[in-house]
Amino acid sequence: MKYRSVRGMNDILPAVISQWQVVEEKIRELMIRYRYHEIRPPLLEYTELFKRGIGEDSDLVGKEMYTFSDKRGRSLTLRPEATASVVRAYLEHNIDTKEPLQKLYYLGPMFRYEKPQKGRSRQFHQYGVEAIGSLDPALDVEVIDIAWALLEELGLSGLSLRLNSIGCRADFKGYRQKLKEYFATRLASICENCRQRYQTNPLRILDCKKEECRLHIQSAPASVDYLCSECSRHFSAVRNYLNQLNLTYVIDPHLVRGLDYYTRTVFELISSHLGAQDSLLGGGRYDDLVELLGGPSTPAVGFAGGMERLILVLKEAKGRVDRMARPDLFIAALGNESRSLVISLAQQLRRQNISLDIDYRSRSLRKQMTYANQINAQHLIVIGPDELASGIGNIKEMDSGRERKISLTVEGIQAAMEK
RNA sequence: AGGAGCGUAGCUCAACGGCCAGAGCGCUGGGUUGUGGUCCCAGAGGCUGCGGGUUCGAUUCCCGUCGCUCCUCCCA
(Lines give C-alpha, C1' and ligand atoms only; values in the text may rest on other atoms or scores of the structure.)
Protein backbone atom coordinates (compact mmCIF):
# COMPACT_ATOMS: atom_id res chain seq x y z
CA MET A 1 0.00 0.00 0.00
CA LYS A 2 1.51 3.24 -1.10
CA TYR A 3 -0.15 6.01 0.84
CA ARG A 4 -1.41 6.05 4.39
CA SER A 5 -3.09 8.74 6.37
CA VAL A 6 -0.88 10.77 8.68
CA ARG A 7 -0.31 9.09 12.02
CA GLY A 8 -3.11 9.80 14.43
CA MET A 9 -5.37 11.23 11.71
CA ASN A 10 -8.17 8.83 10.98
CA ASP A 11 -10.68 8.53 8.19
CA ILE A 12 -14.24 8.45 9.41
CA LEU A 13 -15.71 5.90 7.05
CA PRO A 14 -19.27 5.55 5.75
CA ALA A 15 -19.79 2.50 7.93
CA VAL A 16 -19.63 4.62 11.08
CA ILE A 17 -20.65 8.04 9.83
CA SER A 18 -24.27 7.75 10.89
CA GLN A 19 -23.22 7.73 14.53
CA TRP A 20 -21.45 11.03 14.00
CA GLN A 21 -24.46 12.46 12.28
CA VAL A 22 -26.78 11.38 15.07
CA VAL A 23 -24.57 13.09 17.65
CA GLU A 24 -24.05 16.20 15.54
CA GLU A 25 -27.73 16.58 14.91
CA LYS A 26 -28.52 16.17 18.59
CA ILE A 27 -25.99 18.86 19.46
CA ARG A 28 -27.40 21.32 16.93
CA GLU A 29 -30.96 20.63 17.99
CA LEU A 30 -30.07 21.12 21.64
CA MET A 31 -28.25 24.36 20.94
CA ILE A 32 -31.31 25.81 19.30
CA ARG A 33 -33.36 24.98 22.40
CA TYR A 34 -30.83 26.61 24.71
CA ARG A 35 -30.28 29.43 22.23
CA TYR A 36 -26.60 29.08 21.56
CA HIS A 37 -25.31 30.22 18.18
CA GLU A 38 -22.74 28.37 16.13
CA ILE A 39 -19.37 29.93 15.44
CA ARG A 40 -16.68 28.49 13.17
CA PRO A 41 -13.25 29.95 13.73
CA PRO A 42 -10.39 28.81 11.46
CA LEU A 43 -8.37 25.74 12.33
CA LEU A 44 -5.11 27.67 12.26
CA GLU A 45 -4.14 30.54 14.53
CA TYR A 46 -0.96 32.37 15.34
CA THR A 47 0.86 30.29 17.91
CA GLU A 48 1.02 33.21 20.27
CA LEU A 49 -2.75 33.11 20.82
CA PHE A 50 -2.61 29.65 22.35
CA LYS A 51 0.53 30.31 24.33
CA ARG A 52 -1.07 33.35 25.82
CA GLY A 53 -4.54 31.94 26.31
CA ILE A 54 -3.89 28.41 27.45
CA GLY A 55 -0.68 29.07 29.32
CA GLU A 56 2.97 28.45 28.54
CA ASP A 57 3.52 25.88 31.22
CA SER A 58 0.48 23.73 30.48
CA ASP A 59 1.25 20.30 28.99
CA LEU A 60 -0.89 21.21 26.04
CA VAL A 61 1.20 24.19 25.00
CA GLY A 62 4.44 22.73 26.25
CA LYS A 63 4.49 19.56 24.21
CA GLU A 64 1.26 18.81 22.41
CA MET A 65 0.87 21.57 19.86
CA TYR A 66 1.01 21.10 16.11
CA THR A 67 3.16 24.10 15.31
CA PHE A 68 4.97 25.09 12.11
CA SER A 69 6.02 28.15 10.15
CA ASP A 70 4.31 29.54 7.10
CA LYS A 71 6.21 30.83 4.06
CA ARG A 72 6.91 34.12 5.73
CA GLY A 73 8.27 32.51 8.83
CA ARG A 74 5.31 33.20 11.10
CA SER A 75 4.58 30.55 13.64
CA LEU A 76 1.16 28.97 13.15
CA THR A 77 -0.55 26.30 15.21
CA LEU A 78 -3.43 23.97 14.47
CA ARG A 79 -5.91 24.64 17.22
CA PRO A 80 -5.57 22.23 20.15
CA GLU A 81 -8.87 23.51 21.57
CA ALA A 82 -11.33 26.16 20.53
CA THR A 83 -11.91 28.49 23.45
CA ALA A 84 -8.97 30.74 22.68
CA SER A 85 -10.06 31.03 19.05
CA VAL A 86 -13.65 31.80 19.99
CA VAL A 87 -12.56 34.54 22.35
CA ARG A 88 -10.21 35.93 19.71
CA ALA A 89 -13.05 36.04 17.19
CA TYR A 90 -15.33 37.56 19.80
CA LEU A 91 -12.89 40.39 20.33
CA GLU A 92 -11.78 40.79 16.74
CA HIS A 93 -15.33 41.40 15.56
CA ASN A 94 -16.45 43.40 18.59
CA ILE A 95 -19.25 40.92 19.07
CA ASP A 96 -19.78 42.14 22.63
CA THR A 97 -20.97 45.54 21.45
CA LYS A 98 -24.01 43.94 19.82
CA GLU A 99 -25.24 42.05 22.83
CA PRO A 100 -23.36 41.87 26.13
CA LEU A 101 -24.04 38.18 26.69
CA GLN A 102 -22.94 35.94 23.83
CA LYS A 103 -23.92 32.29 23.90
CA LEU A 104 -21.88 30.41 21.33
CA TYR A 105 -21.16 26.82 20.36
CA TYR A 106 -18.79 25.06 18.00
CA LEU A 107 -18.14 21.66 16.56
CA GLY A 108 -15.06 20.52 14.73
CA PRO A 109 -11.57 19.06 14.55
CA MET A 110 -8.81 19.85 17.04
CA PHE A 111 -5.17 18.79 16.89
CA ARG A 112 -2.77 17.63 19.54
CA TYR A 113 0.59 16.06 18.88
CA GLU A 114 0.47 13.01 21.12
CA LYS A 115 0.94 9.30 20.82
CA PRO A 116 -2.41 7.92 19.70
CA GLN A 117 -4.28 5.45 21.84
CA LYS A 118 -7.82 4.34 22.54
CA GLY A 119 -10.15 7.32 22.58
CA ARG A 120 -7.39 9.73 21.70
CA SER A 121 -5.96 10.67 18.32
CA ARG A 122 -3.98 13.56 16.91
CA GLN A 123 -6.85 14.93 14.96
CA PHE A 124 -9.93 14.59 17.08
CA HIS A 125 -13.24 16.38 17.30
CA GLN A 126 -14.72 18.51 19.99
CA TYR A 127 -18.04 20.14 20.56
CA GLY A 128 -18.34 22.88 23.08
CA VAL A 129 -20.16 25.95 24.27
CA GLU A 130 -18.92 29.33 25.44
CA ALA A 131 -21.17 31.77 27.27
CA ILE A 132 -19.30 35.04 27.36
CA GLY A 133 -20.37 38.14 29.26
CA SER A 134 -21.96 37.19 32.55
CA LEU A 135 -20.85 36.12 35.99
CA ASP A 136 -24.28 34.84 36.94
CA PRO A 137 -23.94 31.44 38.64
CA ALA A 138 -27.14 30.44 36.87
CA LEU A 139 -25.11 30.54 33.68
CA ASP A 140 -22.55 28.10 35.09
CA VAL A 141 -25.46 25.82 35.80
CA GLU A 142 -27.04 26.32 32.39
CA VAL A 143 -23.81 25.23 30.77
CA ILE A 144 -23.64 22.16 32.99
CA ASP A 145 -27.27 21.45 32.26
CA ILE A 146 -26.61 21.49 28.52
CA ALA A 147 -23.87 18.95 29.00
CA TRP A 148 -26.14 16.68 31.03
CA ALA A 149 -29.05 17.05 28.67
CA LEU A 150 -26.92 16.18 25.68
CA LEU A 151 -25.50 13.01 27.15
CA GLU A 152 -28.78 11.97 28.66
CA GLU A 153 -30.79 12.54 25.51
CA LEU A 154 -28.26 10.49 23.61
CA GLY A 155 -29.18 7.67 25.95
CA LEU A 156 -26.16 7.54 28.23
CA SER A 157 -26.24 6.38 31.78
CA GLY A 158 -23.53 5.84 34.35
CA LEU A 159 -22.58 9.51 34.29
CA SER A 160 -21.26 11.53 37.16
CA LEU A 161 -20.50 15.19 37.56
CA ARG A 162 -17.37 16.23 39.39
CA LEU A 163 -17.37 19.78 40.62
CA ASN A 164 -14.99 22.18 42.27
CA SER A 165 -14.19 25.85 42.58
CA ILE A 166 -10.61 27.00 42.31
CA GLY A 167 -11.41 30.64 43.03
CA CYS A 168 -10.38 33.81 41.31
CA ARG A 169 -6.90 34.95 40.38
CA ALA A 170 -6.49 36.60 43.77
CA ASP A 171 -7.46 33.40 45.58
CA PHE A 172 -4.90 31.43 43.60
CA LYS A 173 -2.07 33.26 45.29
CA GLY A 174 -3.05 32.20 48.77
CA TYR A 175 -3.95 28.70 47.70
CA ARG A 176 -0.75 28.27 45.74
CA GLN A 177 1.16 29.32 48.79
CA LYS A 178 -0.67 26.76 50.93
CA LEU A 179 0.03 24.06 48.42
CA LYS A 180 3.67 24.95 48.31
CA GLU A 181 3.89 24.81 52.06
CA TYR A 182 2.09 21.48 52.08
CA PHE A 183 4.27 19.87 49.46
CA ALA A 184 7.51 21.45 50.65
CA THR A 185 7.98 18.74 53.24
CA ARG A 186 6.97 16.01 50.81
CA LEU A 187 9.14 16.88 47.85
CA ALA A 188 11.23 13.81 48.37
CA SER A 189 8.32 11.42 47.97
CA ILE A 190 6.49 12.87 44.97
CA CYS A 191 7.34 12.10 41.38
CA GLU A 192 9.97 13.95 39.40
CA ASN A 193 7.37 15.53 37.20
CA CYS A 194 5.62 16.96 40.20
CA ARG A 195 8.81 18.38 41.64
CA GLN A 196 8.99 20.34 38.41
CA ARG A 197 5.36 21.38 38.79
CA TYR A 198 6.08 22.49 42.32
CA GLN A 199 8.22 25.21 40.83
CA THR A 200 6.14 26.18 37.82
CA ASN A 201 2.54 25.56 38.87
CA PRO A 202 1.82 23.66 42.08
CA LEU A 203 -1.87 23.41 41.18
CA ARG A 204 -0.91 20.89 38.51
CA ILE A 205 0.37 18.46 41.08
CA LEU A 206 -3.23 17.80 42.01
CA ASP A 207 -3.76 16.39 38.54
CA CYS A 208 -1.05 13.77 38.87
CA LYS A 209 -2.23 10.18 38.70
CA LYS A 210 0.92 8.59 40.08
CA GLU A 211 0.43 6.38 43.10
CA GLU A 212 3.09 8.10 45.19
CA CYS A 213 1.60 11.51 44.51
CA ARG A 214 -2.02 10.54 44.94
CA LEU A 215 -1.29 9.61 48.51
CA HIS A 216 -0.24 13.14 49.33
CA ILE A 217 -2.89 14.75 47.17
CA GLN A 218 -5.68 13.15 49.18
CA SER A 219 -4.92 15.20 52.24
CA ALA A 220 -3.67 18.29 50.43
CA PRO A 221 -5.38 21.60 51.17
CA ALA A 222 -8.64 22.07 49.24
CA SER A 223 -9.11 25.14 47.06
CA VAL A 224 -12.64 25.69 48.37
CA ASP A 225 -11.16 26.51 51.77
CA TYR A 226 -9.28 29.45 50.31
CA LEU A 227 -12.01 31.20 48.36
CA CYS A 228 -12.68 34.88 48.88
CA SER A 229 -16.18 35.73 50.04
CA GLU A 230 -17.36 36.59 46.54
CA CYS A 231 -16.08 33.34 45.02
CA SER A 232 -17.46 31.43 47.94
CA ARG A 233 -20.90 32.95 47.43
CA HIS A 234 -20.69 32.20 43.75
CA PHE A 235 -19.84 28.58 44.39
CA SER A 236 -22.66 28.01 46.84
CA ALA A 237 -25.08 29.64 44.42
CA VAL A 238 -23.92 27.23 41.73
CA ARG A 239 -24.47 24.32 44.09
CA ASN A 240 -27.92 25.56 45.05
CA TYR A 241 -29.01 25.84 41.46
CA LEU A 242 -27.66 22.39 40.71
CA ASN A 243 -29.68 20.99 43.60
CA GLN A 244 -32.74 22.86 42.47
CA LEU A 245 -32.44 21.38 38.99
CA ASN A 246 -31.73 17.89 40.32
CA LEU A 247 -28.29 17.78 38.77
CA THR A 248 -26.36 15.56 41.13
CA TYR A 249 -22.69 16.22 41.60
CA VAL A 250 -19.74 15.17 43.67
CA ILE A 251 -17.43 17.82 45.04
CA ASP A 252 -13.88 16.93 44.16
CA PRO A 253 -11.75 19.31 46.19
CA HIS A 254 -8.70 18.54 44.09
CA LEU A 255 -10.20 18.85 40.65
CA VAL A 256 -8.16 21.36 38.68
CA ARG A 257 -8.11 21.50 34.94
CA GLY A 258 -5.30 21.28 32.48
CA LEU A 259 -5.60 24.76 31.07
CA ASP A 260 -4.40 27.87 32.82
CA TYR A 261 -7.35 30.10 32.03
CA TYR A 262 -9.85 28.47 34.37
CA THR A 263 -11.18 30.35 37.39
CA ARG A 264 -13.89 29.65 39.94
CA THR A 265 -16.17 26.82 38.79
CA VAL A 266 -14.54 23.79 37.18
CA PHE A 267 -16.30 20.55 36.33
CA GLU A 268 -16.03 17.27 34.48
CA LEU A 269 -18.59 14.76 33.35
CA ILE A 270 -17.19 11.28 33.48
CA SER A 271 -18.45 7.96 32.23
CA SER A 272 -18.13 4.70 34.06
CA HIS A 273 -17.93 3.00 30.67
CA LEU A 274 -14.52 4.42 29.80
CA GLY A 275 -11.23 3.24 31.17
CA ALA A 276 -8.16 5.39 31.37
CA GLN A 277 -9.66 8.29 29.45
CA ASP A 278 -12.87 8.50 31.45
CA SER A 279 -13.47 12.20 31.07
CA LEU A 280 -16.20 12.74 28.49
CA LEU A 281 -16.37 16.48 28.77
CA GLY A 282 -14.93 19.20 30.92
CA GLY A 283 -15.18 22.90 31.46
CA GLY A 284 -15.56 25.78 33.80
CA ARG A 285 -15.30 29.52 34.15
CA TYR A 286 -12.60 31.59 32.55
CA ASP A 287 -13.29 35.05 33.87
CA ASP A 288 -9.87 36.45 32.99
CA LEU A 289 -9.31 35.08 29.51
CA VAL A 290 -11.05 37.82 27.54
CA GLU A 291 -9.01 40.45 29.30
CA LEU A 292 -5.85 38.39 28.98
CA LEU A 293 -6.35 38.37 25.22
CA GLY A 294 -6.66 42.12 25.08
CA GLY A 295 -10.35 42.72 25.66
CA PRO A 296 -12.32 44.35 28.43
CA SER A 297 -12.70 42.44 31.68
CA THR A 298 -15.42 39.94 30.78
CA PRO A 299 -16.46 36.82 32.70
CA ALA A 300 -17.27 33.65 30.77
CA VAL A 301 -18.06 29.98 31.22
CA GLY A 302 -18.02 26.98 28.89
CA PHE A 303 -17.18 23.35 28.31
CA ALA A 304 -15.76 21.11 25.62
CA GLY A 305 -16.34 17.44 24.99
CA GLY A 306 -14.70 14.85 22.74
CA MET A 307 -16.75 13.40 19.91
CA GLU A 308 -14.68 10.24 19.49
CA ARG A 309 -14.96 9.42 23.13
CA LEU A 310 -18.66 10.15 23.19
CA ILE A 311 -19.26 7.87 20.23
CA LEU A 312 -17.14 5.18 21.85
CA VAL A 313 -19.32 5.22 24.94
CA LEU A 314 -22.51 5.36 22.91
CA LYS A 315 -21.44 2.31 21.00
CA GLU A 316 -20.84 0.40 24.20
CA ALA A 317 -24.11 1.62 25.64
CA LYS A 318 -26.42 0.84 22.78
CA GLY A 319 -24.68 -0.71 19.83
CA ARG A 320 -24.94 0.59 16.32
CA VAL A 321 -27.51 2.92 14.91
CA ASP A 322 -27.72 2.94 11.17
CA ARG A 323 -29.19 6.10 9.88
CA MET A 324 -29.13 5.37 6.17
CA ALA A 325 -32.80 4.68 5.58
CA ARG A 326 -34.01 1.79 3.47
CA PRO A 327 -34.21 2.79 -0.16
CA ASP A 328 -37.80 3.20 -1.29
CA LEU A 329 -37.23 1.42 -4.55
CA PHE A 330 -34.95 -0.55 -6.82
CA ILE A 331 -35.60 -0.61 -10.55
CA ALA A 332 -34.12 -3.59 -12.37
CA ALA A 333 -33.50 -3.42 -16.09
CA LEU A 334 -33.92 -6.49 -18.25
CA GLY A 335 -32.09 -6.08 -21.51
CA ASN A 336 -30.34 -3.07 -22.96
CA GLU A 337 -33.37 -1.48 -24.56
CA SER A 338 -35.12 -0.85 -21.29
CA ARG A 339 -32.12 0.91 -19.75
CA SER A 340 -33.02 4.35 -21.00
CA LEU A 341 -36.50 4.21 -19.51
CA VAL A 342 -35.02 3.03 -16.21
CA ILE A 343 -32.57 5.91 -16.19
CA SER A 344 -35.24 8.51 -16.90
CA LEU A 345 -37.59 7.16 -14.28
CA ALA A 346 -34.76 7.08 -11.75
CA GLN A 347 -33.93 10.73 -12.32
CA GLN A 348 -37.51 11.91 -12.12
CA LEU A 349 -38.43 9.83 -9.09
CA ARG A 350 -35.34 10.94 -7.20
CA ARG A 351 -36.39 14.51 -7.81
CA GLN A 352 -39.75 13.62 -6.34
CA ASN A 353 -37.92 12.75 -3.12
CA ILE A 354 -37.90 9.01 -3.63
CA SER A 355 -34.75 7.20 -2.60
CA LEU A 356 -33.86 4.57 -5.17
CA ASP A 357 -31.06 2.74 -6.87
CA ILE A 358 -30.53 1.02 -10.21
CA ASP A 359 -27.90 -1.31 -11.63
CA TYR A 360 -24.80 0.16 -13.26
CA ARG A 361 -22.92 -2.98 -14.08
CA SER A 362 -25.13 -4.78 -16.58
CA ARG A 363 -25.76 -7.58 -14.18
CA SER A 364 -28.17 -10.37 -14.78
CA LEU A 365 -31.69 -9.96 -13.49
CA ARG A 366 -30.93 -12.45 -10.78
CA LYS A 367 -27.92 -10.47 -9.57
CA GLN A 368 -29.91 -7.27 -9.66
CA MET A 369 -32.53 -8.85 -7.48
CA THR A 370 -29.95 -10.13 -5.08
CA TYR A 371 -28.56 -6.63 -4.86
CA ALA A 372 -31.98 -5.05 -4.35
CA ASN A 373 -32.39 -7.45 -1.51
CA GLN A 374 -28.97 -6.63 -0.07
CA ILE A 375 -29.64 -2.92 0.11
CA ASN A 376 -32.99 -3.76 1.65
CA ALA A 377 -35.10 -1.94 -0.92
CA GLN A 378 -38.75 -1.65 -0.01
CA HIS A 379 -40.10 -1.97 -3.53
CA LEU A 380 -38.96 -3.48 -6.77
CA ILE A 381 -39.89 -2.84 -10.39
CA VAL A 382 -38.55 -4.90 -13.27
CA ILE A 383 -38.56 -3.23 -16.64
CA GLY A 384 -38.00 -5.46 -19.68
CA PRO A 385 -39.15 -5.51 -23.28
CA ASP A 386 -42.78 -6.22 -22.35
CA GLU A 387 -43.04 -3.28 -20.00
CA LEU A 388 -41.24 -1.08 -22.45
CA ALA A 389 -43.83 -1.90 -25.08
CA SER A 390 -46.94 -1.67 -22.92
CA GLY A 391 -45.98 1.02 -20.44
CA ILE A 392 -47.51 -1.21 -17.78
CA GLY A 393 -45.56 -3.11 -15.16
CA ASN A 394 -45.57 -4.61 -11.70
CA ILE A 395 -44.38 -3.09 -8.47
CA LYS A 396 -43.44 -5.58 -5.80
CA GLU A 397 -43.45 -4.97 -2.10
CA MET A 398 -40.32 -6.80 -1.06
CA ASP A 399 -41.33 -7.65 2.50
CA SER A 400 -44.65 -9.26 1.64
CA GLY A 401 -43.87 -10.32 -1.90
CA ARG A 402 -47.14 -8.78 -2.99
CA GLU A 403 -47.28 -7.38 -6.51
CA ARG A 404 -49.46 -4.77 -8.09
CA LYS A 405 -50.05 -3.66 -11.65
CA ILE A 406 -49.13 -0.02 -12.31
CA SER A 407 -48.48 2.31 -15.18
CA LEU A 408 -44.80 3.04 -15.57
CA THR A 409 -44.96 6.77 -15.11
CA VAL A 410 -43.65 8.91 -12.29
CA GLU A 411 -47.20 9.48 -11.05
CA GLY A 412 -48.13 5.84 -11.30
CA ILE A 413 -45.09 4.67 -9.37
CA GLN A 414 -45.44 7.39 -6.77
CA ALA A 415 -49.07 6.56 -6.18
CA ALA A 416 -48.30 2.87 -5.82
CA MET A 417 -45.65 3.48 -3.22
CA GLU A 418 -47.71 5.72 -1.04
CA LYS A 419 -49.80 2.82 0.16
C1' A B 1 8.51 11.01 25.92
C1' G B 2 8.60 5.82 28.18
C1' G B 3 6.69 0.64 28.06
C1' A B 4 4.12 -3.87 25.97
C1' G B 5 1.92 -6.57 21.99
C1' C B 6 0.90 -7.41 16.88
C1' G B 7 2.05 -7.13 11.22
C1' U B 8 -0.11 -13.63 6.41
C1' A B 9 -6.05 -12.59 0.74
C1' G B 10 -10.60 -6.75 0.87
C1' C B 11 -12.06 -8.34 6.38
C1' U B 12 -11.47 -11.97 10.65
C1' C B 13 -7.88 -15.39 11.42
C1' A B 14 -5.04 -20.61 10.54
C1' A B 15 -0.36 -23.05 9.08
C1' C B 16 5.57 -28.46 14.29
C1' G B 17 11.71 -24.79 11.08
C1' G B 18 9.95 -28.86 5.68
C1' C B 19 5.33 -30.69 -0.10
C1' C B 20 2.07 -25.74 -4.34
C1' A B 21 0.84 -20.66 2.45
C1' G B 22 -5.00 -22.30 3.85
C1' A B 23 -10.27 -21.46 5.91
C1' G B 24 -14.63 -18.56 6.85
C1' C B 25 -16.90 -14.09 5.37
C1' G B 26 -16.95 -10.72 1.31
C1' C B 27 -16.29 -10.08 -4.11
C1' U B 28 -17.04 -11.92 -9.43
C1' G B 29 -19.23 -15.49 -12.75
C1' G B 30 -22.42 -19.67 -13.50
C1' G B 31 -26.55 -23.23 -12.14
C1' U B 32 -31.32 -19.47 -13.21
C1' U B 33 -32.39 -12.70 -18.88
C1' G B 34 -38.79 -12.55 -16.37
C1' U B 35 -38.73 -12.06 -9.98
C1' G B 36 -35.01 -11.74 -4.05
C1' G B 37 -33.13 -13.82 0.75
C1' U B 38 -31.58 -20.39 0.86
C1' C B 39 -28.62 -23.87 -1.76
C1' C B 40 -24.81 -25.83 -5.26
C1' C B 41 -20.44 -25.12 -8.57
C1' A B 42 -16.39 -22.28 -10.28
C1' G B 43 -13.07 -18.08 -10.20
C1' A B 44 -10.23 -13.79 -8.96
C1' G B 45 -7.36 -12.08 -5.13
C1' G B 46 -0.63 -13.09 -1.46
C1' C B 47 6.80 -9.74 -2.44
C1' U B 48 3.61 -13.68 4.65
C1' G B 49 5.21 -5.01 6.17
C1' C B 50 10.50 -4.00 4.70
C1' G B 51 15.96 -5.11 5.19
C1' G B 52 19.53 -8.23 6.98
C1' G B 53 21.16 -12.75 9.73
C1' U B 54 21.05 -18.15 11.42
C1' U B 55 19.84 -22.64 8.47
C1' C B 56 20.26 -27.53 3.36
C1' G B 57 15.49 -24.97 3.98
C1' A B 58 12.29 -19.19 7.46
C1' U B 59 5.34 -17.21 7.50
C1' U B 60 7.81 -19.72 11.76
C1' C B 61 14.05 -18.41 15.13
C1' C B 62 17.44 -13.77 15.86
C1' C B 63 18.65 -8.45 14.91
C1' G B 64 17.24 -3.94 12.81
C1' U B 65 13.57 -0.85 10.63
C1' C B 66 8.76 0.97 9.41
C1' G B 67 3.65 0.72 10.58
C1' C B 68 -0.48 -0.32 13.70
C1' U B 69 -2.76 -1.26 18.43
C1' C B 70 -2.78 -0.87 23.62
C1' C B 71 -0.80 0.98 28.38
C1' U B 72 1.69 4.94 31.52
C1' C B 73 1.93 10.32 31.74
C1' C B 74 -1.59 14.11 30.31
C1' C B 75 -5.89 15.29 28.40
C1' A B 76 -11.41 15.44 25.12
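In what follows, every chain begins at residue 1, and chains take the letters A, B, ... in the order their sequences are listed.
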Check every strand shown and say whether [X] touches a base, only sugar-phosphate, or nothing at a heavy-atom separation below 4.0 Å.
X       : value
G335(A) : nothing
K396(A) : base
S362(A) : nothing
G401(A) : base
D386(A) : base

With respect to the phosphate group of [N], does any side-chain polar atom (N or O) of [X] fall under 4.0 Å of OP1 or OP2?
X       : N       : result
R257(A) : rA76(B) : yes
Q117(A) : rC71(B) : yes
R366(A) : rG30(B) : no
R7(A)   : rC68(B) : yes

Partner lookup for [N], please. Criteria are Watson-Crick or G-U wobble with both distances under 3.5 angstrom; report none if nothing qualifies.
N       : answer
rC6(B)  : rG67(B)
rA1(B)  : rU72(B)
rA21(B) : none
rA42(B) : rU28(B)

Can you tell which of [options] lies closest to the side chain of [X]?
X       : options                   : result
R309(A) : rC75(B), rU35(B), rG3(B)  : rC75(B)
S279(A) : rU35(B), rC27(B), rA76(B) : rA76(B)
Q374(A) : rG30(B), rU28(B), rC27(B) : rC27(B)
K115(A) : rU28(B), rG3(B), rU35(B)  : rG3(B)
E403(A) : rC70(B), rG36(B), rU35(B) : rU35(B)

For nucleotides [N] and [M], find the distance between their [atom1] atoms and express it as a whole number of Å.
N       : M       : atom1 : result
rU54(B) : rC25(B) : P     : 43 Å
rG3(B)  : rU60(B) : C1'   : 26 Å
rA15(B) : rA21(B) : C1'   : 7 Å
rG18(B) : rG57(B) : P     : 14 Å
rA14(B) : rA23(B) : P     : 16 Å
rA4(B)  : rG46(B) : C1'   : 29 Å
rU12(B) : rU65(B) : C1'   : 27 Å
rA76(B) : rG67(B) : P     : 28 Å

How many whole angstroms separate atom [atom1] of [X] from atom [atom2] of [N]?
X       : N       : atom1 : atom2 : answer
F50(A)  : rC75(B) : CZ    : C1'   : 16 Å
D59(A)  : rA76(B) : CG    : P     : 11 Å
I381(A) : rG36(B) : CD1   : P     : 17 Å
K367(A) : rG34(B) : NZ    : C1'   : 16 Å
M9(A)   : rC68(B) : CE    : P     : 12 Å
Q368(A) : rG29(B) : CD    : C1'   : 15 Å
D399(A) : rG36(B) : CG    : C1'   : 11 Å
L365(A) : rG37(B) : CG    : P     : 11 Å

Distance-only donor-acceptor test (3.5 Å): side chain E114(A), base rA76(B) =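 Answer is yes: a donor-acceptor pair is held.
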
Kindly indicate whether the side chain of R4(A) and the base of rG49(B) share any N or O donor-acceptor pair separated by less than 3.5 Å?
->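 Counting by modelled atom types and ignoring angles, no donor-acceptor contact under 3.5 Å is found here.
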
For [X] and [Y], does a side-chain donor sit closer than 3.5 Å to a side-chain acceptor?
X       : Y      : result
Q123(A) : Y66(A) : no
T77(A)  : T67(A) : yes
S18(A)  : Q21(A) : no

How about Y36(A) and Y105(A): are their ring centroids closer than 6.0 Å?
->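 Here the rings of Y105(A) and Y36(A) have centres that are no less than 6.0 Å from each other.
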
Find which nucleotide of RNA chain B each of P385(A) and L60(A) is nearest to by heavy atoms, and output the residue with the more 5' nucleotide.
->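 Its nearest nucleotide being more 5', the pick is P385(A).
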
Identify, between A377(A) and G282(A), the residue whose nearest nucleotide on RNA chain B lies closer to the 5' end.
->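 The residue mapped nearer the 5' terminus is A377(A).
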
Salt bridge (charged side-chain N to carboxylate O under 4.0 Å, His left out) partners of residues 368-391 of chain A, not counting sequence neighbours, each pair once =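 As it turns out, there is no salt bridge (charged side-chain N to carboxylate O under 4.0 Å, His left out) pair with a partner in residues 368-391 of chain A once direct neighbours are skipped.
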
Does Y198(A) have K180(A) sitting over its ring (NZ/CZ under 6.0 Å from centre, angle to axis within 45°)?
->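 Yes; both conditions hold, so K180(A) lies above the ring face of Y198(A).
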
Between CZ on residue R195(A) and CD1 on residue I205(A), distance to nearest 0.5 Å |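 Reported value, rounded in 0.5 Å steps: 10.5 Å.
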
For Y249(A), check ring-ring contact (aromatic ring centres under 6.0 Å, His included) against everything at least two apart and list the hits.
->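 For Y249(A) there are no ring-ring contact (aromatic ring centres under 6.0 Å, His included) partners, ignoring immediate neighbours.
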
